[in-house]
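To find a chain, count down the sequence lines: A is the first, B the second, and so on, and within it residues start at 1. Atom set for the values below is all heavy atoms of this structure, side chains included, hydrogens, waters and symmetry mates excluded.
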2 protein chains.
Amino acid sequence: MAHLTAGVEYGIHCLLWLALERDTSLSSRDLADLQGVSPSFVAKLFPKLEKAGIVVASNGLRGGYRLARSAARITLLDVVDAIEGPKPLFDCQEIRGRCAVFDGALPRWATNGVCAIHAAMLRAEQAMRESLAATTLADIADTVGRKAPASFSQAVTAWVGGRTDARSARRGTRGRG
Amino acid sequence: MAHLTAGVEYGIHCLLWLALERDTSLSSRDLADLQGVSPSFVAKLFPKLEKAGIVVASNGLRGGYRLARSAARITLLDVVDAIEGPKPLFDCQEIRGRCAVFDGALPRWATNGVCAIHAAMLRAEQAMRESLAATTLADIADTVGRKAPASFSQAVTAWVGGRTDARSARRGTRGRG
DNA sequence: GAAACACAGACTAGATCGCTCCGCGTTTCA
DNA sequence: TGAAACGCGGAGCGATCTAGTCTGTGTTTC
């Protein structure tokens with residue numbers, strides 16, 4: 001299992017759709033169906049993004065989520081931290097303090113400061129975090145935008161609109177039937 | 001669970017002892033007991049380090065492991081790769097290809113090249129790997145060496161020697177008894 | 001008042017991790 | 001010569017985590 005989980009992947013994909021449709025609130029179910037992933041799983045993701053201040057939620061019928069700020073000001077690190085929570089790359093078990101040579105009388109120098117191995121792992125983690133912080137949702141949206149034809153954005157808007165219409169139609173049918 | 005597992009931590013700690021005692025073959029049991037960790041678990045680590053060419057093994061009584069090359073030429077990345085194997089930071093599920101708007105007719109542009117999210121994650125992983133590759137076992141040994149008193153190295157050698165003696169004594173006792 | 005939302009919590013199947021145990025072949029040495 | 005200490009491989013086991021489901025509560029719209 002990878003360190004950066006499927007939740008992060010789904011979250012970023014969803015946020016890209018929100019960046020594309022900034023004028024509309026999209027429900028977690030719409031976002032899931034649009035991408036062919038589990039609606040109930042996506043529904044568990046968004047409260048985390050909301051608590052992190054990445055999206056804002058609106059309740060009730062026609063409710064859903066919007067980006068809380070521009071995509072250029074949301075980094076991948078923001079999303080990873082929101083969904084994964086504090087999840088260190090390396091979990092130091094302070095093995096240096098268990099050395100049998102010390103035989104119970106642990107000298108101060110042995111546990112003074114950060115374990116050198118731990119320190120190296122923290123540097124590696126920091127390098128990873130800085131790389132994630134250097135990429136924003138807007139960067140990724142631009143990359144995708146350069147590949148997609150102009151008609152794609154319209155097709156997405158139409159799909160979202162079609163969903164709302166379909167729901168209204170169902171309501172109307174049942175109301176009349 | 002952290003991405004870099006306990007196996008990596010144990011492995012690096014063990015290799016540091018091998019770097020300190022380059023003239024002696026140390027068994028996996030000695031290394032484990034010296035550090036107060038599970039002998040059977042450490043024993044599962046070393047065949048991986050041996051296959052990766054980091055240590056050389058010698059069989060039979062008085063056998064054990066030595067570093068295959070100088071500690072200055074063994075990086076943390078070498079050890080991580082040896083023990084973890086290929087373990088990506090992020091596992092791309094190609095969600096971009098599932099978009100409901102495509103409705104089965106997946107356009108070529110949609111899956112052309114590497115997924116932009118995946119690419120960003122690969123950059124982050126690469127940053128982490130470069131950081132790990134920049135630290136050698138000798139770097140860490142130096143850090144520890146500056147903290148430890150001169151007597152420590154001798155104490156370790158004595159501990160290792162004491163182990164061998166104790167085994168001989170046991171053999172002698174049982175042979176005579 | 002029903003439907004579609006958000007949100008929280010309990011729950012489950014499956015994978016992985018840390019670790020143990022066993023058996024086999026090799027080497028040493030009394 | 002045979003027992004003990006090695007390395008090595010595979011089976012297995014409990015704990016934890018992930019991905020995903022389900023149920024229930026409260027809110028808003030129509």
- Between B:G60 and A:A43, which has a closest nucleotide on DNA chain C that is more 5'? A:A43

- Message: Taking any heavy-atom pair under 4.0 Å as a contact, classify A:S58: base, sugar-phosphate, or nothing.
- Response: sugar-phosphate

- Report yes if the side chains of B:L31 and B:L18 come closer than 4.5 Å at any heavy-atom pair, otherwise no. yes

- Message: Counting only side-chain heavy atoms from C-beta out, which of D:dG26, D:dG20, C:dC19 sits nearest to A:Y10?
- Response: D:dG20

- Item | Out of C:dA6, D:dT18, D:dT29, whichever nucleotide has its closest atom nearest the side chain of A:Y65 | C:dA6

- Answer yes or no: side-chain N or O of B:K44 and base N or O of D:dG10 forming a donor-acceptor pair under 3.5 Å. yes

- Query: Just how far, in rounded Å, is C1' of C:dT26 from CD of B:E50?
  - Reply: 14 Å

- Below 4.0 Å: OP1/OP2 of C:dC5 and any side-chain N or O of A:S28: no

- Verify whether the ring centers belonging to A:F102 and B:F152 lie closer than 6.0 Å. yes

- With respect to the phosphate group of C:dA8, does any side-chain polar atom (N or O) of A:K48 fall under 4.0 Å of OP1 or OP2? no

- What's the closest nucleotide to the B:N59 side chain, out of C:dT27, C:dA6, D:dA19? C:dT27

- Task: Would you mind telling me which of D:dA19, D:dG9, C:dT28 lies closest to the side-chain atoms of A:F41?
- Result: D:dA19

- Got more than 12 heavy atoms from elsewhere within 6.0 Å of CZ, B:R108? no

- Query: Rounded to the Å, how far apart are B:D33 CG and D:dC6 C1'?
  - Reply: 14 Å

- Task: Take the protein atom NE2 of A:H3 and the nucleotide atom C1' of C:dT16, then report the distance between them rounded to whole Å.
- Result: 15 Å

- Item | A:R163 CZ - C:dA4 C1' separation (whole Å) | 12 Å

- Can you tell me the distance, in whole Å, between the NZ atom of A:K51 and the C1' atom of C:dA6? 10 Å

- Message: Taking CZ in A:R73 as the centre, count heavy atoms belonging to other residues, nucleotides or ligands within less than 6.0 Å. Is the count above 12?
- Response: no

- Of the nucleotides C:dC7, C:dC19, C:dG18, which has the atom closest to the B:S38 side chain? C:dC19

- If you measure only the distance, is there a donor-acceptor pair under 3.5 Å linking the side chains of A:E21 and A:T157? yes

- Under 4.0 angstrom between B:K87 side-chain N/O and C:dA15 OP1 or OP2: no

- Among C:dC5, C:dC7, D:dC8, the one nearest any side-chain atom of A:P47 is C:dC7

- Message: How many whole angstroms separate atom CZ of B:R29 from atom P of C:dC19?
- Response: 15 Å

- Task: Grab the CD1-P distance between A:I83 and D:dC17 for me, whole Å please.
- Result: 18 Å

- Query: Considering only C:dC7, D:dT28, D:dT18, which nucleotide approaches the side chain of A:L61 most closely?
  - Reply: D:dT28

- For D:dA5, take OP1 and OP2 only and decide whether either is under 4.0 Å from a side-chain N or O of B:R62. no

- Are side-chain N/O atoms of B:R123 and A:S131 paired as donor and acceptor at under 3.5 Å? no

- With respect to the side chain of A:A6, which nucleotide from C:dC17, D:dA19, D:dC8 is positioned closest? D:dA19

- Task: Figure out the CG/C1' separation between B:L31 and D:dA5, and round it to whole Å.
- Result: 15 Å

- Task: Please tell me which of the listed nucleotides, C:dA8, D:dG20, C:dC29, lies nearest to the side chain of A:S40?
- Result: D:dG20

- Closest-nucleotide 5' rank along DNA chain D - winner of A:P39 and A:E84: A:E84

